[in-house]
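Below, all heavy atoms of this structure are taken into account, side chains as well, without hydrogens, waters or symmetry copies. Order of the sequence lines fixes the chain letters, A, B, ..., with proteins taken first and strands second; residue numbering starts at 1 for each chain.
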2 protein chains.
Amino acid sequence: MTARRQGRGPTRADVARLAGTSTAVVSYVVNDGPRPVAAATRARVLGAVNQLGYRPDRIARALAARRTETVGLVVADITNPFMSDVARAVEAAASARDHTVLLANSAVDRQREQVLIEQLLDRRVDGLILLAVGPGAATVRELNRSGVPVVALDRPVGGLRAATVTVDNVGGAAEATMHLAGHGHRRIACISGPPPLWPTAEREKGWSTAVAEMGLGRGSCPVVHASIDRGAGYEAAVRLLNRARPPSAVFVTTDEQAFGVLRAAVDTGRQVPDDVAVVSFDGISQAAFSVPGLSSVVQPVDQMAAKAVDLLLDGPPERVVFPVELLTRGSCGCPDPVVRAKRRTPPPRGTAGGP
Amino acid sequence: MTARRQGRGPTRADVARLAGTSTAVVSYVVNDGPRPVAAATRARVLGAVNQLGYRPDRIARALAARRTETVGLVVADITNPFMSDVARAVEAAASARDHTVLLANSAVDRQREQVLIEQLLDRRVDGLILLAVGPGAATVRELNRSGVPVVALDRPVGGLRAATVTVDNVGGAAEATMHLAGHGHRRIACISGPPPLWPTAEREKGWSTAVAEMGLGRGSCPVVHASIDRGAGYEAAVRLLNRARPPSAVFVTTDEQAFGVLRAAVDTGRQVPDDVAVVSFDGISQAAFSVPGLSSVVQPVDQMAAKAVDLLLDGPPERVVFPVELLTRGSCGCPDPVVRAKRRTPPPRGTAGGP
DNA sequence: GTGAAAGCGCTAACAA
DNA sequence: TTGTTAGCGCTTTCAC
């Protein structure tokens with residue numbers, strides 16, 4: 001009997017038989033190459049394809065073609081709104097290029113991250129995007145050896161031969177800090193990330209430079225370090241605000257921490273921005289809805305993701321740095337704009353993608 | 001020369017050669033079955049494996065074994081905190097069972113969702129978890145025909161032969177509503193989701209039942225429908241609060257909308273909970289940080305995800321319904337507990353997983 | 001422009 | 001217990 005294999009649809013052989021041609025030709029038309037096919041033949045094949053409802057098996061194709069059309073995305077914490085936004089943007093960019101993304105969430109666990117990266121490699125991803133805690137030396141070696149293209153997003157990875165997509169952390173942070181000074185503040189503290197974390201360290205550098213340039217005393221402008229989450233931001237702010245001479249403004253290195261700061265201000269009996277002004281970094285969409293709205297330095301996530309995917313798929317391993325933009329709302333002392341519904345798609349910009 | 005193929009590591013044949021045995025035996029030891037292997041042979045193979053640094057190619061394995069050890073996850077919106085939390089939990093559960101997740105984000109676009117589901121099928125996922133807008137009839141047919149196990153998480157999918165993991169939406173919503181009444185409210189409105197959306201419709205039903213049971217007039221307890229995002233929640237709240245006789249409390253069907261409500265209250269000159277009390281549904285971790293803290297009905301996301309993966313991989317297509325729990329904070333009028341750092345892992349519960 | 005056939009790296013009968 | 005070998009479904013060289 002010619003019963004189709006159960007559980008799966010027709011194969012290339014079925015199509016070839018029905019179209020009265022060879023499997024090679026079917027392949028040529030399905031893939032639109034690499035060899036030309038006569039119009040008549042192509043038509044017969046196409047007819048057979050949709051008469052049978054044939055769909056190519058991507059696994060078999062991957063094995064033969066040695067390409068999976070898949071990109072691995074390793075994120076440190078998918079529940080972090082900035083990172084989930086990056087995940088959305090990467091998925092969209094990959095999808096636009098007909099690739100699927102294998103998601104790996106390390107849950108901020110370096111060990112786990114190593115394992116996940118190896119699994120992704122075993123699954124033969126065509127490329128790897130890392131928004132990761134940071135792989136250890138052994139994993140870096142393995143990545144370099146594997147020859148799989150890698151792009152480090154948001155932060156470079158030491159020792160890794162990879163493209164890099166980051167933003168102007170120093171500049172953005174400095175701008176935010178000066179903006180605070182523009183509101184008349186002289187005691188501008190910084191709530192930064194864990195010292196080894198690159199993006200927040202850079203932002204701290206920007207704050208510190210700005211503070212120095214404006215001649216503000218280091219004693220009145222303290223830094224405090226905290227993990228990248230609301231709870232840690234909350235605790236750091238409580239510590240800061242309970243000092244004898246608390247700051248009148250604080251630059252927070254991530255929005256996620258800043259939400260904790262906002263809540264801490266209230267819990268310690270302060271008003272934002274009158275008693276403490278706040279500006280942070282990342283520019284996630286939730287920032288529009290806090291009370292007051294959170295002023296933040298926004299990263300062009302869609303463009304960054306598109307660039308990352310492009311570099312991964314056909315780029316040389318360059319390092320690209322995107323500009324950022326301070327978006328003011330109520331938390332710094334500027335007028336708080338009316339809330340608008342969140343934008344789901346980036347505004348058209350002539351041609352798609354690219355900075 | 002015996003140079004290894006460039007770009008890839010050693011294969012099963014290399015290992016067999018070095019171990020002086022056959023490829024089948026290598027397969028048996030690597031997979032720990034399906035046939036037994038003598039201890040001595042196994043040791044030689046293992047030795048060869050790590051002398052060569054051999055790693056099985058999952059693509060080739062998938063083709064031969066007809067299993068990809070991969071599960072597809074389709075979410076309607078990965079940037080929605082509830083859904084990204086589900087994504088985290090599903091990834092963790094799948095990972096614990098040695099599976100990788102292929103992430104597909106439909107960005108609340110039904111068309112796109114169909115395409116994504118088909119792509120996942122083409123990639124031969126072992127199972128599909130849907131937290132989706134809802135596939136159309138054609139896709140449902142294709143899913144049923146494909147024989148790929150599916151579990152619908154959070155909401156059932158009409159006409160689909162699939163397991164279902166949901167929560168007690170009606171009960172939770174009713175409890176939330178009664179809680180509001182317990183604070184003395186008699187004008188309890190509801191901000192619900194788009195009417196076709198199942199979970200929010202169920203919650204609305206719970207609210208409506210509770211309101212009726214308490215004998216509260218329908219005129220003083222209006223419903224308004226809005227999309228599941230902060231902006232829509234904001235606008236719905238503004239509409240509600242600008243009425244001639246505004247409600248004194250509102251049950252909001254999702255946390256995401258509720259954050260918009262909180263902001264809208266402030267923008268229309270109200271205090272929460274004194275002028276308007278708010279309780280919502282989902283129980284995402286961000287709810288602890290708003291001002292005031294958001295009282296919410298919490299879903300046991302980790303358990304739900306674990307169950308979903310179990311059902312997918314070896315379960316019969318049951319329908320399981322998890323209980324939910326009201327967690328009170330400041331927004332309903334209860335005391336607002338001190339903020340704590342976010343928990344990354346579920347507390348131990350004797351044995352892992354399960355309701 | 002088309003077809004035959006040799007893999008891609010692994011699994012799992014089946015035979016020894 | 002181990003080895004031989006026929007696929008898994010597709011791509012692609014090479015000959016026609």
Under 4.0 angstrom between [X] side-chain N/O and [N] OP1 or OP2:
{"X": "R35(A)", "N": "dG1(C)", "result": "no"}
{"X": "Y54(A)", "N": "dC10(D)", "result": "yes"}
{"X": "T41(B)", "N": "dT2(D)", "result": "yes"}
{"X": "T11(B)", "N": "dC8(C)", "result": "no"}
{"X": "S27(B)", "N": "dT11(C)", "result": "yes"}

Distance in angstrom units between [X] [atom1] and [N] [atom2], rounded:
{"X": "D14(B)", "N": "dC8(C)", "atom1": "CG", "atom2": "C1'", "answer": "14 Å"}
{"X": "R61(B)", "N": "dG9(D)", "atom1": "CZ", "atom2": "C1'", "answer": "18 Å"}
{"X": "R67(B)", "N": "dG9(D)", "atom1": "CZ", "atom2": "P", "answer": "15 Å"}
{"X": "E69(B)", "N": "dG9(C)", "atom1": "CD", "atom2": "C1'", "answer": "15 Å"}
{"X": "L63(A)", "N": "dC8(C)", "atom1": "CG", "atom2": "C1'", "answer": "4 Å"}
{"X": "R66(A)", "N": "dG7(C)", "atom1": "CZ", "atom2": "P", "answer": "12 Å"}
{"X": "D57(B)", "N": "dG7(C)", "atom1": "CG", "atom2": "P", "answer": "18 Å"}
{"X": "L52(B)", "N": "dG9(C)", "atom1": "CG", "atom2": "C1'", "answer": "15 Å"}

Check whether [X] reaches the backbone of [Y] with its side chain - one donor and one acceptor, N or O, closer than 3.5 Å.
{"X": "D32(A)", "Y": "Y28(A)", "result": "no"}
{"X": "R44(A)", "Y": "A19(A)", "result": "yes"}
{"X": "D109(A)", "Y": "R112(A)", "result": "yes"}

Worksheet item: Side chains of T68(A) and D126(A): do they bring a donor and an acceptor to under 3.5 Å?
Response: yes

Worksheet item: Just checking, is any N or O donor in the side chain of T100(A) or R123(B) under 3.5 Å from an acceptor N or O on the other one?
Response: yes

Worksheet item: dA12(C), dT12(D), dC10(C): which one has an atom nearest the side-chain heavy atoms of P34(A)?
Response: dT12(D)

Hey, does [X] reach any base, or is it just sugar-phosphate, or nothing, if we go heavy atoms under 4.0 Å?
{"X": "T23(B)", "value": "base"}
{"X": "R12(B)", "value": "base"}
{"X": "V26(B)", "value": "nothing"}

Discussion item. Return whichever of V25(B) or A64(B) has its heavy-atom-nearest nucleotide of DNA chain D closer to the 5' end.
Written reply: V25(B)

Worksheet item: Hey, which of these two, A60(B) or S22(B), hits DNA chain D nearer its 5' end, going by closest nucleotide?
Response: S22(B)

Worksheet item: Starting at the 5' end of DNA chain C, which residue's closest nucleotide do you reach first, N31(B) or A24(A)?
Response: A24(A)

